[in-house]
Amino acid sequence: MALYRNADYTDPYSAGAVVLPLGSALHVGVSAEEAASDRFAVVLENCYATPTADSDGPVRFFLIQNRCPSNSRLVKVEESGPSLPGRFTILVNLFSGDYDTIYLHCSLSMCDPTQASCSQTCRSRVSRSISLENRMTIGPISWEKTAKRMT
């Protein structure tokens, strides 16, 4: 999983903490670098943010749940399903009122892109796919505080 500066996913942030301007878009790319990735596509199943690095913590803000964006105004799934990698964009101001730092966690599955079940389509049933047991985590991500105006 990587964070990108631009919408064409060609300029990744360096590893470590990322600080973004408030109101900016954060582009997230998720891919598998396995031999099977030539035959399988990445499907974003669930992605969420937490205020700590603990992916099992009690506070979770779902961005993608059951392959569906939680709020289509703030989360845009750009690629998931028949393409590799999975990609989505979130607006940084989604969390600005409550937390100074967030961590992103994603679970994904891999599927045969020639099958109808391998799509970005939101769904309530889980079909056959290769599930990855471990969640991927990236962060911390924080945003610039607005400077106070001098009068």
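Start at 1 with the first residue, then count along the sequence. We use all heavy atoms of the structure for the numbers below, so side chains are in, but hydrogens, waters and symmetry mates are not.
Taking the side chain as every heavy atom from C-beta outward, L104 and L3 approach each other to under 4.5 Å. Using a 4.5 Å heavy-atom threshold, the side chains of Q65 and E45 count as separate. A 4.5 Å side-chain heavy-atom check between I141 and L26 finds at least one atom pair inside the cut-off. At least one side-chain heavy atom of C47 sits less than 4.5 Å from a side-chain heavy atom of F88. Using a 4.5 Å heavy-atom cutoff, the side chains of L74 and I90 are not in contact.
The two atoms that bring M136 and M1 nearest to each other are O-CE, 3.3 Å, heavy atoms only. Nearest approach of T114 to D112, heavy atoms of both residues: OG1-OD1, 2.7 Å. The two residues C106 and V30 come nearest to each other via the heavy atoms SG-CG2, 4.4 Å. What you find for T89 and A25 is that their closest heavy atoms are CG2-CB, 3.7 Å. Taking each heavy atom of T137 and S55 in turn, the nearest pair found is OG1-CB, 4.4 Å. Shortest non-hydrogen contact noted between A7 and E78 is O-OE1, 4.2 Å.
Here the side chain of S142 pairs no donor or acceptor atom with the backbone of T101 at under 3.5 angstrom. Side-chain atoms of N46 come within 3.5 Å of backbone N or O of N66 as a donor-acceptor pair. Side chain of S80 to main chain of G86: no donor-acceptor pair is present (N/O by atom type, distance under 3.5 Å, no hydrogens or angles).
We find that E79 and R87 are joined by a salt bridge, their nearest charged nitrogen and carboxylate oxygen being less than 4.0 Å apart.
Hydrophobic clustering keeps V75 apart from Y9 (ILVMFWY residues linked when any side-chain heavy atoms are closer than 4.5 Å, directly or through intermediates). Y4 and I64 end up in different hydrophobic clusters when Ile, Leu, Val, Met, Phe, Trp and Tyr side chains are linked at under 4.5 Å.
Partners of T50 by side-chain contact (heavy atoms from CB on, under 4.5 Å), not counting sequence neighbours, listed by chain and number: Y48, R60, Y103, H105.
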Please tabulate, for side-chain N and O atoms in residues 10-23, each donor-acceptor pair with protein atoms closer than 3.5 Å (sequence neighbours left out).
unit_1, atom_1, unit_2, atom_2, d
T10, OG1, N6, ND2, 3.0
T10, OG1, D8, OD1, 2.9

